[in-house]
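Let me begin by presenting the structure, written as structure tokens, before commenting on it.
Computed from heavy atoms alone, side chains included, the values below leave out hydrogens, waters and symmetry copies. In the text below, chain A, chain B and the rest are named by the order of the sequence lines, each starting its count at 1.
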Number of protein chains: 2
Amino acid sequence: MKKSLQVTNYRYPLGYGTSLATCRHSYFFPKNPRYYYIFLEALEGITCLLTWNIITGGERMRALWRGSISFGLVNVPVKMYAATERKSLSFRQIHKTCGTPIRYEKVCPFCNRKVEDDEIARGYEYEKGKFVVIEEKDLESIPDETTRTIDIVDFVDLAEIDPVYFDRSYFLGPEETGQKAYLLLFEALKKTGKIAIAKVMIRSKQHLACVRPYGENRLVMETMFYPDEVRDAGEIPISPGVKLHENEIKMAVQLIDSLSADFRPEKYTDEYRKAMLDIIRAKVEGEEIKVPPGREEKVVDLMEALKASLEMVEKEKRKGPGVKRKKAATS
Amino acid sequence: MKKSLQVTNYRYPLGYGTSLATCRHSYFFPKNPRYYYIFLEALEGITCLLTWNIITGGERMRALWRGSISFGLVNVPVKMYAATERKSLSFRQIHKTCGTPIRYEKVCPFCNRKVEDDEIARGYEYEKGKFVVIEEKDLESIPDETTRTIDIVDFVDLAEIDPVYFDRSYFLGPEETGQKAYLLLFEALKKTGKIAIAKVMIRSKQHLACVRPYGENRLVMETMFYPDEVRDAGEIPISPGVKLHENEIKMAVQLIDSLSADFRPEKYTDEYRKAMLDIIRAKVEGEEIKVPPGREEKVVDLMEALKASLEMVEKEKRKGPGVKRKKAATS
DNA sequence: TTTATGGGCGAAAGCCCATAAA
């Protein structure tokens with residue numbers, strides 16, 4: 001049975017987190033009560049939920065992995081933090097008639113009944129429709145040389161790596177004992193202009209990764225795709241015999257130049273996300289939703305379009321600073 | 001009742017895919033039978049499952065979006081292809097007692113029964129435990145200026161964009177009618193050394209993205225995180241007062257130089273994935289699984305470690321050519 | 001709690017749910 005949490009009272013922050021005075025209902029009991037002992041003592045045997053953000057007290061970013069960078073024979077103990085967080089809206093599936101969120105039930109189509117987790121094994125499909133059951137202990141025999149280490153294997157230039165290789169980004173923070181080695185790696189990378197290529201195991205998956213300096217004194221790690229995970233662009237069909245006129249290229253280059261700017265990411269916002277939120281808010285408050293008009297079609301001839309684009313950009317520039325460039329076709 | 005598929009026979013490849021001669025059991029019927037007509041005709045009314053990879057036959061990359069790049073008033077119609085594919089091993093959940101793959105059934109915990117798809121709506125959780133139902137038509141009122149267009153807003157230098165911004169990569173291929181404009185954009189980007197920053201809607205999500213030249217004559221698009229989705233590395237705790245010795249930096253730089261190489265991605269392979277596959281293969285063939293030994297511990301003192309590392313690298317280099325490491329590269 | 005991963009789903013890609021880890 002699920003019960004809800006009641007936190008009535010905070011007390012002195014102490015060490016890692018904040019202790020609580022009272023807590024009435026039970027919910028879940030952590031396997032590793034490392035951060036909970038004060039609380040548990042205070043409650044003398046009452047099993048309690050502590051929500052993690054209360055436990056970690058104020059700490060906005062939580063380490064999701066700990067280990068160390070291995071750089072030659074130098075070891076740099078680090079914590080890993082997610083560098084990005086998706087803000088896209090997510091929805092639940094709702095049962096129309098009663099408004100309840102849908103749940104998934106695991107069923108066996110052969111036995112035609114619900115199946116509990118302890119009746120389930122992991123199977124690898126080695127041949128269409130044929131599965132071998134793989135147990136945890138089978139995989140234990142794999143040499144885990146890189147467990148808990150970010151193993152640097154090479155140093156290369158960042159510009160050499162095509163962005164298609166980049167997967168996820170993580171900030172690395174130094175552990176207390178590794179502050180100096182961390183800074184040393186940062187400074188040395190900065191000085192040489194190199195980035196480190198590394199191998200790292202994160203939760204039973206081996207990643208190719210790179211470690212590079214970020215900002216004033218931080219390190220960031222990108223996990224990377226293996227080369228066989230990057231597809232060959234050559235497979236995309238393209239006509240070989242297309243010729244361009246000198247003049248077309250010249251105009252296109254001119255157009256690019258006139259639209260060149262510095263990369264200032266704060267300029268770009270997710271307008272669709274905002275619009276969705278507005279609609280949702282309106283719906284929650286029972287308002288009407290207005291429908292705006294559509295947009296016009298675009299010019300088609302290449303040279304005409306290039307000329308018209310250039311003229312448009314020029315005209316807008318003449319309007320002077322402070323004017324934001326508008327969409328071409330809407331007008 | 002669910003039935004399985006039996007494909008007994010392939011026939012002449014024809015147009016988009018490959019048609020099949022016979023198929024005995026029914027399974028699911030696609031809403032859009034565009035690619036199925038030959039097959040369906042051949043079977044005269046028998047409803048059949050065609051797994052997609054059979055249908056698409058030899059075509060390895062399938063376009064997952066079509067639209068056009070809008071560059072000033074120039075329009076470049078393109079198809080979009082995933083540039084990467086994860087090769088990590090995946091497993092199915094298997095019912096232990098009968099070996100059947102598990103399926104999910106959508107249930108309503110309140111009504112306590114199975115729920116069909118047409119009884120399900122999308123709900124946004126605007127407050128803990130409270131949902132507003134959002135219908136497709138609610139979102140239609142959002143101005144979809146960028147629908148089906150990759151709307152170029154700026155041109156910037158690739159080097160200005162920190163890799164943490166990159167999310168997913170997609171190759172763009174020209175539509176038949178847009179070969180010339182496609183090549184023009186490619187050439188102009190190549191010539192100016194710029195990349196295009198764009199906005200694009202993909203499946204009711206607006207993305208920030210960049211378009212850049214790739215290889216000989218292809219364009220690639222990376223979707224990007226919005227700035228508010230990139231966290232502030234400054235939040236990572238770090239000790240301010242750490243000092244490094246000149247000598248330590250010198251040695252670390254030397255170590256990096258001696259481990260510098262060109263980025264040759266084909267050097268790196270997923271050994272863990274391979275090891276897993278070996279074990280699976282062994283299991284399929286009924287072999288024994290061997291357990292290899294562990295590895296040694298590492299040196300701890302920073303200066304000692306740097307020295308020892310340099311010596312180690314030097315020694316390996318003296319072993320002569322054929323060794324993986326390359327000489328320290330330029331600047 | 002958040003975050004990542006695993007896994008199923010109407011093809012796929014990405015969305016969704018559930019669970020594990022920290």
>> Looking at A:Arg66, I'd like to know whether one of its side-chain N or O atoms comes within less than 4.0 Å of OP1 or OP2 on C:dA22.
In response: no
> Closest to the A:Ala82 side chain: C:dT3, C:dC9, C:dA13?
Replying inline: C:dT3
>> Using the ring-ring contact (aromatic ring centres under 6.0 Å, His included) criterion, which residues pair with B:Tyr165? Sequence neighbours excluded.
In response: A:Phe263
> In residues 166-174 of chain A, which ones come under 4.0 Å of DNA chain C, going by heavy atoms?
Replying inline: A:Arg168, A:Tyr170
>> Taking only side-chain N and O atoms of A:Arg62, does any of them lie within less than 4.0 angstrom of OP1 or OP2 on C:dT3?
In response: no
>> Tell me every residue that passes side chain to side chain donor-acceptor pair (under 3.5 Å) with B:Lys96, counting only those two or more places apart in sequence or in another chain.
In response: none
>> If the condition is salt bridge (charged side-chain N to carboxylate O under 4.0 Å, His left out), which residues does B:Lys79 pass it with, not counting sequence neighbours?
In response: none
>> Which nucleotide wins on minimum distance to the side chain of A:Arg103, given the candidates C:dT1, C:dA18, C:dG8?
In response: C:dA18
>> Rounded to whole Å, how long is the line connecting atom CD1 of A:Ile120 with atom P of C:dG6?
In response: 16 Å
>> Please classify the nucleic acid contact of B:Ile102 as base, sugar-phosphate, or nothing, using heavy-atom distances under 4.0 Å.
In response: sugar-phosphate
> Can you name the side-chain contact (heavy atoms from CB on, under 4.5 Å) partners of A:Val107, sequence neighbours left out?
Replying inline: B:Arg103, B:Glu105
>> Can you list everything that forms a ring-ring contact (aromatic ring centres under 6.0 Å, His included) with B:Tyr104? Sequence neighbours excluded, please.
In response: A:Tyr104
